[in-house]
Amino acid sequence: QVQLVESGGGLVQAGGSLRLSCAASGRTFSSYAMGWFRQPPGKEREFVAAISRSAINTDYADSVKGRFTISRDNAKKTVYLQMNSLKPEDTAVYYCAVRLNYYGSRRQGDYDYWGQGTQVTVSS
């Protein structure tokens with residue numbers, strides 16, 4: 001079992017920055033990959049970023065590439081999503097997820113545990 005708690009969401013103006021955190025407990029943090037997904041209002045949940053368990057491999061959705069950075073601190077059992085140059089279309093509930101595998105994935109079905117989500121709202 002893995003428990004995930006996201007934090008760091010909030011309201012920010014377009015062009016601003018936020019850093020999301022996802023703290024994990026349960027299984028050994030360094031043994032699994034992590035991902036971030038988001039669900040905009042009225043839309044389906046979509047992939048944002050993923051990181052391998054060693055942090056060597058990362059992957060980003062085209063819509064956030066160059067603006068968002070995923071990272072992890074295995075000692076703190078936490079994964080981060082640094083979001084810069086935020087746009088109104090980044091408004092969504094953001095979820096972190098665990099994949100019991102070395103590599104992350106873009107597919108939601110590949111993930112085994114999910115957090116409750118944190119709201120990010122970007123005003124224009």
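Along the sequence shown, residues are numbered consecutively beginning with 1. What you see below is based on every heavy atom in this structure, not just the backbone, and it leaves out hydrogens, waters and symmetry mates. Note that the structure is predicted; figures quoted are calculated from it, not measured.
- In this structure, the side chain of Arg53 does not engage the main chain of Arg99 through any donor-acceptor pair within 3.5 Å.
- A side-chain donor-acceptor contact under 3.5 Å links Arg106 to the backbone of Tyr60.
- When atom types are taken as modelled, the side chain of Glu6 and the backbone of Leu20 share no donor-acceptor pair closer than 3.5 angstrom.
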Worked verdict on Met34 versus Leu4 for side-chain contact (heavy atoms from CB on, under 4.5 Å): CA-CA 11 Å; Met34 300 290 298; Leu4 302 170; 4.1 Å; yes

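- A chain of hydrophobic side-chain contacts below 4.5 Å, direct or via other Ile, Leu, Val, Met, Phe, Trp or Tyr residues, connects Val12 to Val64.
- The closest side-chain heavy-atom distance from Lys77 to Ser25 is not below 4.5 Å.
- With rounding to the nearest 0.5 angstrom, the OH atom of Tyr113 is 5.5 Å from the CG atom of Leu100.
- Clustering ILVMFWY residues whenever any of their side-chain heavy atoms sit less than 4.5 angstrom apart, transitively, puts Tyr80 in a cluster other than the one holding Leu18.
- Tracing side-chain contacts under 4.5 Å through hydrophobic residues (I, L, V, M, F, W, Y), one reaches Ile70 starting from Tyr32; they form part of the same cluster.
- Side chain of Arg45 to backbone of Gln108: no donor-acceptor contact under 3.5 angstrom is found.
- Cluster annotation: Val2 and Phe37 are assigned to distinct hydrophobic clusters (Ile/Leu/Val/Met/Phe/Trp/Tyr, side-chain heavy-atom contacts under 4.5 Å, transitive).
- By the neighbour-count criterion of 12 heavy atoms within 6.0 Å, atom OH of Tyr103 is sparsely surrounded, having that number or fewer from other residues, nucleotides or ligands.
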Verdict with reasoning, Asp90 to Arg38, per side-chain contact (heavy atoms from CB on, under 4.5 Å): CA-CA 9 Å; Asp90 294 318; Arg38 67 186 182 186; 2.9 Å; yes

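- Taking 4.5 Å as the limit, every side-chain heavy atom of Asp59 sits out of range of all side-chain heavy atoms of Asn57.
- Here the shortest heavy-atom pairing between Asn74 and Ser30 reads ND2-CB, 3.6 Å.
- For the pair Ser63 and Lys87, the minimum side-chain heavy-atom distance is 4.5 Å or more.
- Annotation for Gln116: atom CD does not count as buried by contact number, only 12 or fewer foreign heavy atoms lying within 6.0 Å.
- Although no hydrogens or angles enter the test, the distance criterion places a donor-acceptor pair under 3.5 Å between the side chain of Thr91 and the main chain of Val122.
- Electrostatic pairing of Lys65 and Asp62 counts as a salt bridge here, judged by a charged N lying under 4.0 Å from a carboxylate O.
- The side-chain heavy atoms of Phe29 and Thr78, taken from C-beta on, include no pair separated by under 4.5 Å.
- Checking Ser105 against Tyr111 by side-chain atom types alone, no donor-acceptor pair falls below 3.5 Å.
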side-chain contact (heavy atoms from CB on, under 4.5 Å) assessment of Asp110 paired with Asn101: CA-CA 9 Å; Asp110 286 345; Asn101 192 285; over 6 Å; no

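- Atoms OG and OH, on Ser7 and Tyr94 in that order, are 15.0 Å from each other to the nearest 0.5 Å.
- Distance check: Ser52 OG to Arg72 CZ gives 7.0 Å after rounding to the nearest 0.5 Å.
- The line from CG of Leu11 to CD of Gln119 is 9.5 Å long, rounded to the nearest 0.5 Å.
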Derivation of the side-chain contact (heavy atoms from CB on, under 4.5 Å) call for Val79 and Trp36: CA-CA 9 Å; Val79 64; Trp36 284 98; 3.9 Å; yes

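- The closest donor-acceptor contact from the side chain of Ser124 to the backbone of Pro88 lies at 3.5 Å or more, if one exists at all.
- Smallest separation of non-hydrogen atoms from Gly104 and Ala50: CA-CB, 4.0 Å.
- Between Gln39 and Tyr95, some side-chain heavy-atom pair lies under the 4.5 Å cut-off.
- Rounded to the nearest 0.5 Å, atoms OG (Ser85) and CZ (Phe68) are 9.0 Å apart.
- Between Ile51 and Ser71 the shortest heavy-atom distance is CD1-CA, 3.7 Å.
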